[in-house]
Amino acid sequence: MNTLEALIFDVDGTLADTERDGHRVAFNAAFDEFGVNWHWSEEVYGELLAVTGGKERMRFYYDNYDEADEIFDDFKLRIDEIITELHKAKTVHYTELLSTGAIPLRTGVERLLNEAREHGLRLAIATTTTPENVTSLLEHTLGKESIEWFEVIAAGDIVPAKKPAPDIYDYALKQMQLDANQCLAFEDSSNGILSSRGADLATIITVNGYTTDHDFDDAALVLDHMGDENQACKVLAGQMDNDQLNVDTLFEIHRNSIG
Ligand code: XBP
Ligand code: MG
């Protein structure tokens, strides 16, 4: 029988609520720095989240939004290069923001990671964001040594096809030499679950402000957050008897998922 060996976590929206007050703010700071007349409101950013990856998201905006045309003519001629430069600047702004401690981990994340480690579960990350964003988030929330807790950090351009393609999860599984039925994935969005389910991983969802209306029919469990001793979590779909997501529940979900 396949036992549960490892947990694979998405980062943005799952480990921390990074999008609205983190990535979005950093994109806007990069636009200002370059004198690019773009500004992503919370609402527009919610639409743009349909596209994963920061470079891909800027390109989509440039191609599809009328107001994106208000940039210098020489920038239009060099748009691919400008997007690459904007993205490098955005990563600097974003990691600077993280270093101030502005973005905490979501409720219950640290508790569950600690419990998982105590039970000897292996940990990995599968995300579309840039690798230094992941290590910076871990360093400034859990401490530098926590980077070592994750035996694989699969991130960014390491695979050419980002979520919703399954490639980043397939890559993490291959690195860990595990099959999908030995693991659980943790996600927050429709693109995320398309990717994890595409790799055949049973998936637990914790929704956030941008993703409450997404389709999670294929999830093993949907929660508002993971819960901790001060804040019970709500079950939005699926079955869980506790008011915090704990390792016993993970083993149970895994058992049910492999039938
Ligand atoms: C996260 C993303 C990322 C970030 C931006 O998706 O889409 O693109 O918003 O990161 P997921 P970069 O949570 O599904 O991995 O700018 O570093 O690409
Ligand atoms: Mg996510």
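Note: hydrogens, waters and symmetry copies are ignored here, and every other heavy atom, side chains too, is used. Both ligands and their constituent atoms are indexed starting at 1 by order of listing.
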- [ ] Tell me which one of Leu48, Asp12, Asp10 gets a heavy atom nearest to atom 11 (P) of ligand 1.
- [x] Asp10
Open item on the list: Below 2.8 Å, can you find an N, O or S atom of Asp10 next to the Mg ion (ligand 2)?
Closed with: yes
TODO: Could you check which N/O/S atom of Asp12 is closest to the Mg ion (ligand 2)?
DONE: O
Open item on the list: What protein heavy atom lies closest to atom 8 (O) of ligand 1? Include the residue and the distance to one decimal.
Closed with: Gly53 N, 2.8 Å
Open item on the list: Val134 and side chain to side chain contact (heavy atoms under 4.5 Å, CB included): which single residue from Ile153, Leu15, Asp12 fits?
Closed with: Ile153
TODO: Taking Thr52 for its side chain and Lys163 for its backbone only, find out whether a donor-acceptor pair lies under 3.5 Å.
DONE: yes
Open item on the list: Taking only non-hydrogen atoms of Gly192, do any sit less than 4.0 angstrom from ligand 1?
Closed with: no
Open item on the list: Salt bridge or not between Asp188 and Arg106? Use side-chain N to carboxylate O under 4.0 Å.
Closed with: no
Open item on the list: Below 4.0 Å, non-hydrogen atoms only: which portion of Lys90 touches ligand 1? Side chain, backbone, both or neither.
Closed with: side chain
Task: For atom 10 (O) of ligand 1, the protein heavy atom that lies nearest, with its residue and separation - done: Thr129 OG1, 2.7 Å
Task: Numbered atoms of ligand 1 (with element) below 4.0 Å of Tyr45, judged on heavy atoms - done: 9 (O)
TODO: List the closest protein heavy-atom neighbour of atom 17 (O) of ligand 1: residue, atom name, distance to the nearest 0.1 Å.
DONE: Thr130 OG1, 2.6 Å
Task: Mode of His87 contact toward ligand 1 - side chain, backbone, both, neither (heavy atoms, under 4.0 Å) - done: side chain
Open item on the list: Does any part of the side chain of Leu184, heavy atoms only, come nearer than 4.5 Å to the side chain of Ile204, both counted from C-beta?
Closed with: yes
Task: Carboxylate-amine/guanidinium contact Asp167 Lys162, below 4.0 Å - done: no
- [ ] Report yes or no: does Thr127 have a heavy atom closer than 4.0 Å to ligand 1?
- [x] yes
TODO: For atom 3 (C) of ligand 1, grab the closest protein heavy atom and report residue, atom and distance to one decimal in Å.
DONE: Thr128 OG1, 3.4 Å
Task: Nearest protein heavy atom with distance in Å, relative to atom 18 (O) of ligand 1 - done: Gly54 N, 2.6 Å
Open item on the list: Could you identify the N, O or S atom of Asp188 positioned closest to the Mg ion (ligand 2)?
Closed with: OD1
- [ ] Could you find the nearest protein heavy atom to atom 14 (O) of ligand 1 and give me its residue, atom name and distance?
- [x] Lys163 CD, 3.4 Å
Open item on the list: Against ligand 1, does Arg57 come closer than 4.0 Å with any heavy atom?
Closed with: yes
- [ ] Could you tell me the separation between the OG1 atom of Thr107 and the CG atom of Leu223, rounded to the nearest 0.5 Å?
- [x] 11.5 Å
Task: Contact partition for Phe9 relative to ligand 1, non-hydrogen atoms under 4.0 Å - done: neither
Open item on the list: Can you tell me which portion of Asn133 lies within the under-4.0 Å heavy-atom range of ligand 1? Options are side chain, backbone, both, or neither.
Closed with: side chain
TODO: For the pair Trp38 and Phe31, name the ring-plane relationship: parallel under 30°, tilted 30 to 60°, perpendicular over 60°.
DONE: perpendicular
- [ ] Classify the side-chain pair Thr249/Asn246 by whether it contains a donor and acceptor separated by less than 3.5 Å.
- [x] yes
Task: Side-chain (Ser195) to main-chain (Asn191) donor-acceptor, under 3.5 angstrom - done: no
TODO: Would you give the length of the straight line joining atom CD of Glu148 to atom CD of Glu145, rounded to the nearest 0.5 angstrom?
DONE: 9.5 Å
Task: Test: Arg111 and Asp228 ion pair at under 4.0 Å - done: no
Open item on the list: Check the orientation of Phe9 and Phe186. Use parallel for under 30°, tilted for 30 to 60°, and perpendicular for over 60°.
Closed with: parallel
Task: Where ligand 1 meets Glu19 - atom numbers and elements under 4.0 angstrom, heavy-atom basis - done: 1 (C), 2 (C), 4 (C), 9 (O)
